[in-house]
Amino acid sequence: MGHKLSLPLAGLFGLGALTLAACGDNDENLPADAAPGSPDASAPADAAPMATRSATIAVTQATVTKTTGPSVGGPPPLQLTGGSFSIDFQDVSGTQVPPVFGDGSIGSCTVFKYTAGTNGPPPSVDEGAVTINGAGLLKPNPNPCTFSAAAGEYLCIAGGGAGVGGSVSSPGAGGPGTANVTITGATFGAATQAEVGMYLDLSGTGVANYTGQFPIVGVAGVSTLVIGGPFPGLAATPFAAGTYGLIQGAGPVPGSTSPLTPKYLDDAASPADVHIEMAASAAYPDGIDIDLEPIAAGLTLSSTGGFLLPHQFPTTAADAPFSCAAADGGDCGNDPSTGDLKAFIITGRTTTGDLSGRPVYDMPPPAAGDEYTTFTCSFLSPSTKGTIPQAAVAAILDTTPAPTRIETRVIRANGSTTFQGPGAVNQLNILVGQALVGHTDVPPSTAR
């Protein structure tokens, strides 16, 4: 299967971050005659309306801080970077799982614990097409981003087709760790390498190991893409009636030199704006029409003085401090004048999935019945640092079975928060900036 570097913000920014207070209801507090998430049936008619949606749109340039193995084409070590877009509208009208730590307030950390196959974050829903473009986005989206019911998430599809034939072979033109995928009749940017940095979504080939989403690391011909992943040797193997899609902003891709490490956001000292637009909906009657200058230049975290990089998350309960402050040896990037908030955010999740044969950046899903946690700590400007306290780390690690891997993302973003809908209670967070992402493997002997 494919090894997409999945970096969703789904479930990580609703109750857990950039909210002024926790929202959602524990059903123990509801009267017996009230539907989950609905107002008390006995409440007066003029009772305050309840939120039905909580949303985050985040456009980030994400870079993985832990390197591994040879890069595409050989040394130096593998570097992964690229666009990571997250568009998540959550239906919060139903009963919500309460946090096991924190209350979602600004300047603090909130941890949620879920059980795979039993409960989880509020469901993601379709609120209409979202356009992400503008001069600040260096790889323009040719199409609006739309909700995929099959995937359960928004995808920014740049192209694709169904019922196509072709062939796959490995190693590909990028050397070991790559494969060539030729799609009959397709036209790719061999001269411009235009598809590098996107992900290829491939299904229906009937060829083992070639169903899933794969980072595009090169274009070897007018109809041939070079994808990255742990592929076995494979002679040219034809397929028929396959389906493919090109996905923008699906996550970082492996590479070491331009154009294999494409930039998605303008990283000038004063970058151009990213434009985000969405038509009005029932939950968001004002829609979205906003230009935001990204935080795009030079995000560097301190790695001395006790401060951590994202892949250094504690595997036993301890404080986890992160800082981009210059005084600590970091660099927080530019300071845009647009937007109504600047945020320093630490967010992530755990998994109990089997890591055998998986890349260091992969997050295999937990098995049904396994517990996993998500966490978010949010700090608004002038904060340029934040600490996950020991008690929160203990809650993050406290799953049955214990985590096998922890994904941590540290974000510095420029953004805007609005409340729309009846009673202006449906929150919408828009963030544009930089993310540093790390993955920490938890030794099997490490207890919580």
Would you say the side chain of [Y] lies within less than 4.5 Å of the side chain of [X], judging by non-hydrogen atoms?
X: Gln61; Y: Leu299; result: no
X: Thr65; Y: Leu301; result: no
X: Gln390; Y: Asp319; result: yes
X: Asp286; Y: Thr418; result: no
X: Phe375; Y: Val393; result: no
X: Asp354; Y: Thr404; result: no
X: Thr417; Y: Gln427; result: yes
X: Leu355; Y: Pro364; result: yes

Just by distance, do the side chain of [X] and the backbone of [Y] share a donor-acceptor pair under 3.5 Å?
X: Asn141; Y: Asn143; value: no
X: Thr60; Y: Ala62; value: no
X: Tyr264; Y: Gly136; value: no
X: Glu371; Y: Gly369; value: no
X: Thr440; Y: His311; value: yes
X: Thr178; Y: Gly172; value: yes
X: Asn334; Y: Ala296; value: yes
X: Gln434; Y: Arg412; value: no
X: Tyr154; Y: Asp126; value: no
X: Thr399; Y: Pro401; value: yes

I'd like to know if the side chain of [X] pairs up with that of [Y] as donor and acceptor (distance under 3.5 Å, no hydrogens or angles considered).
X: Thr63; Y: Thr81; value: yes
X: Asp328; Y: Ser302; value: no
X: His275; Y: Asp291; value: yes
X: Thr131; Y: Asn133; value: no
X: Asp201; Y: Gln213; value: yes

Can you give me the closest heavy-atom contact between [X] and [Y], atom names plus distance?
X: Ala317; Y: Ala394; answer: CB-CB, 3.8 Å
X: Pro365; Y: Thr351; answer: C-OG1, 3.7 Å
X: Pro310; Y: Val437; answer: CB-C, 3.8 Å

Chi angles and distances behind the ring-ring contact (aromatic ring centres under 6.0 Å, His included) call for Phe89, Tyr284: CA-CA 10 Å; Phe89 293 89; Tyr284 293 97; 5.7 Å; yes
How far apart are the C-alpha atoms of Phe147 and Ile87, what are their side-chain angles, what is the distance that settles it, and do they pass the side-chain contact (heavy atoms from CB on, under 4.5 Å) test? CA-CA 9 Å; Phe147 187 78; Ile87 303 170; over 6 Å; no
Checking Asp441 now: which residues fulfil salt bridge (Lys or Arg N to Asp or Glu O under 4.0 Å) with it, not counting sequence neighbours? Arg405
Specify whether Tyr210 and Phe214 have parallel, tilted or perpendicular ring planes, treating 30° as the upper limit for parallel and 60° as the lower limit for perpendicular. tilted
Which of these passes side chain to side chain contact (heavy atoms under 4.5 Å, CB included) with Thr373: Val111, Leu397, Ile406, Asp398? Val111
For the side chain to side chain contact (heavy atoms under 4.5 Å, CB included) test, which of Ser108, Pro314, Cys377 pairs with Ile388? Cys377
I would like to know whether Ser124 and Asp88 meet side-chain hydrogen bond (donor to acceptor under 3.5 Å, both in side chains); could you show each step before the answer? CA-CA 6 Å; Ser124 299; Asp88 191 38; 2.5 Å; yes
